[in-house]
Amino acid sequence: MAILVTGGAGFIGSHTCVELLQSGEEVVIFDSFANSKPRAVELIEELSGKKVRLYHADLLDANEVERAFAENAIESVIHFAGLKAVGESVQKPLLYYHNNLTGTFHLIDAMQRHGVKRIVFSSSATVYGMPKEVPMREDFPTGQPENPYGRTKLMIEQILTDIQRADPTWSVVLLRYFNPIGAHKSGKIGEDPNGIPNNLMPYICQVAAGRLDHLNVFGNDYPTHDGTGVRDYIHVVDLARGHVKAIAKARSFQGTEIYNLGTGIGYSVLDVVHAFERASGVKIPYQIAPRRAGDIAECFADPAKAKRELGWTAQYGLDEMCADAWNFIQKNPNGL
Ligand code: NAD
Ligand code: WQD
């Protein structure tokens, strides 16, 4: 029996596949390589010493989704596949709604046809919108995500919750990630964005590598300890291990459960810059720029529910996240 991992070649998916394979699971990857490369799949096999079956296909192609289920004994699904660039989702909302929602519909359809009723979904802290307080708990009301990308995450959470309500024998685990950064200790897989990065850590890495000249710090007048935005950065390997625990959970219950995957610690933009400088020995020039539209001052998790119910806590701190991100960039100056 195998786990179908949609988006398994991507940043979080590739690290999760390594952890799943190392824990003895069989893995089938379904990925269009819209935002990843086939090389990632070879590296997953190299790092785990195990083989995976690969479907180089798009979730928008319902026939290919059907084929993956027909040709394999799938027992659970981890659904990473989706487009995730916040700014692009504002420019091209239909692309995001179609890719993320229609792709999910084809997946659920095939699951229903094949009697597969366990799914772990990649959601995001963005579904909390503007939180009234931090740390954020899973029982906080969901807010108004600021952009079409975030809205697809909230909609998919709601769709999966409705599917489970209609058929109570489903097990749905919704994982709300905070800010995943870092890379595998080997430096072989990591975050490999196309073009100029939107997110903080890949941007810092490119400044450190000399490909970008300086970091723009978006706002230093937030009500935080140094005025810059505070986030809950989590090592991608910790996040990947959270999925191994989430699969165990999905096998042990029927219902819908939501878990925050974060460390519970908030760091500011300047905290991250300084930690990165310590880890790499490279100075990161930065300039204070205006606030970025849609940003909130502080966002960090209360991860107690994941600890209590999944037996999961993050192990790595910010220094290791920075060191591992930098190791990956140095080993892969031109990406994967
Ligand atoms: P990623 O872009 O590296 O990985 C997503 C993968 O899905 C890519 O390999 C891409 O090729 C694939 N994909 C996209 N659309 C597809 C389609 N229609 N058919 C088949 N494959 C498709 O992103 P990531 O950072 O690894 O994120 C994984 C998931 O976690 C996404 O759903 C994302 O929204 C969610 N998430 C990410 C973050 C983050 O900060 N990285 C935070 C919260 C949630
Ligand atoms: C972190 C902090 C910025 C870049 C995003 C998505 C969210 C989720 C995770 C998927 C903020 C500041 C950034 C830069 C900066 N993704 N910053 N200069 O915005 O917390 O979350 O990724 O679900 O939905 O919105 O992450 O890394 O972009 O920003 O000062 O060049 O760094 O203002 O305070 P964010 P981020």
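When a ligand or atom number is given, it counts from 1 through the structure's own listing order.
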Select one of side chain, backbone, both or neither to describe which atoms of [X] lie under 4.0 Å from any atom of ligand 2, heavy atoms only.
X      : value
Val86  : side chain
Val272 : neither
Val269 : side chain

With rounding to the nearest 0.5 Å, note down the distance linking [atom1] in [X] to [atom2] in [Y].
X      : Y      : atom1 : atom2 : result
Asn327 : Lys331 : CG    : NZ    : 3.5 Å
Ser76  : Ile247 : OG    : CD1   : 4.5 Å
Arg241 : Glu19  : CZ    : CD    : 4.5 Å
Asn220 : Ile288 : CG    : CD1   : 4.5 Å
Phe30  : Asp58  : CZ    : CG    : 7.0 Å
Leu261 : Thr263 : CG    : OG1   : 11.0 Å

Decide if the gap between the ring center of [X] and the ring center of [Y] is smaller than 6.0 angstrom.
X      : Y      : value
Phe80  : His243 : yes
His56  : Phe33  : yes
Phe121 : His79  : yes

Is there a heavy atom in [X] that sits closer than 4.0 Å to ligand 1?
X      : answer
His79  : no
Ala57  : yes
Asp58  : yes
Ser123 : yes

Aromatic plane relationship, Phe140 with Tyr128 - under 30° parallel, 30 to 60° tilted, over 60° perpendicular: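 It falls in the perpendicular class, over 60°.
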Is the closest basic N to carboxylate O distance between [X] and [Y] below 4.0 Å?
X      : Y      : result
Lys305 : Asp139 : no
Arg176 : Glu138 : no
Arg53  : Glu71  : yes
Lys51  : Glu45  : yes
Arg251 : Glu75  : yes

Counting only heavy atoms, which portion of [X] has something under 4.0 Å from ligand 1: side chain, backbone, both, or neither?
X      : value
Lys153 : side chain
Phe33  : backbone
Asn99  : side chain
Ala125 : neither

Starting from [atom], what is the nearest protein heavy atom, named by residue and atom, and what distance separates them?
atom                    : value
atom 27 (O) of ligand 2 : Leu200 N, 2.8 Å
atom 27 (O) of ligand 1 : Ile12 CD1, 3.7 Å
atom 11 (O) of ligand 1 : Asp31 OD1, 2.7 Å
atom 3 (O) of ligand 1  : Phe11 N, 2.8 Å
atom 39 (C) of ligand 1 : Pro180 CG, 3.6 Å
atom 20 (C) of ligand 1 : Ser32 N, 3.3 Å
atom 3 (C) of ligand 2  : Asp295 OD2, 3.5 Å
atom 1 (P) of ligand 1  : Asn35 ND2, 3.8 Å
atom 24 (P) of ligand 1 : Lys84 NZ, 3.8 Å
atom 29 (C) of ligand 1 : Phe80 O, 3.2 Å

Ser36 versus ligand 1: do any nitrogen or oxygen atoms come within less than 3.5 Å of each other?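 Yes, Ser36 has an N/O under 3.5 Å of an N/O on ligand 1.
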Leu59, any N or O under 3.5 Å of ligand 1 N or O: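 Right, the criterion is met.
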At less than 4.0 angstrom from any non-hydrogen atom of [X], what atoms of ligand 2 do you find?
X      : result
Val217 : 30 (O)
Asn198 : 4 (C), 28 (O)
Gly229 : 34 (O)
Tyr149 : 10 (C), 23 (O), 24 (O)
Asn179 : 20 (O), 21 (O), 26 (O), 35 (P)
Asn216 : 14 (C), 15 (C), 18 (N), 30 (O), 31 (O)

Backbone or side chain, does any N or O of Phe218 fall under 3.5 Å from an N or O of ligand 2?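 In this structure, Phe218 places an N or O atom under 3.5 Å from an N or O of ligand 2.
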N/O to N/O below 3.5 Å, does that happen between Ser124 and ligand 2?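 Looking only at distances, the answer is yes, because the N/O contact criterion of under 3.5 Å is met.
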Residue from Leu20, Asp31, Thr16, Val77 passing side chain to side chain contact (heavy atoms under 4.5 Å, CB included) with Val5: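 Single pass found, and it is Leu20.
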Could you tell me if the side chain of Arg231 sits less than 4.5 Å from the side chain of Asp295, heavy atoms only?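 A side-chain contact under 4.5 Å exists here.
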Ligand 2 contact by Tyr177, heavy-atom criterion under 4.0 angstrom: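 It does not; every heavy atom stays at 4.0 Å or beyond.
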Is the closest heavy atom of Tyr233 to ligand 2 under 4.0 Å?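 So Tyr233 counts as touching ligand 2.
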From atom 19 (O) of ligand 2, work out which of Glu146, Arg292, Glu298 has a heavy atom at the shortest distance.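 Answer by nearest heavy atom: Arg292.
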Please list, in number order, the atoms of ligand 1 under 4.0 Å from a heavy atom of Gly10.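 Going through ligand 1 atom by atom, the ones under 4.0 Å from Gly10 are 3 (O), 4 (O), 9 (O), 26 (O).
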Indicate whether any N or O donor in one side chain lies under 3.5 Å from an N or O acceptor in the other, for Asp61 and His106.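 On atom types as modelled, these side chains do not qualify, holding no pair under 3.5 Å.
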As a quick check of understanding, evaluate side chain to side chain contact (heavy atoms under 4.5 Å, CB included) for Cys205 and Glu191, giving each step before the final call. CA-CA 10 Å; Cys205 283; Glu191 193 167 12; over 6 Å; no
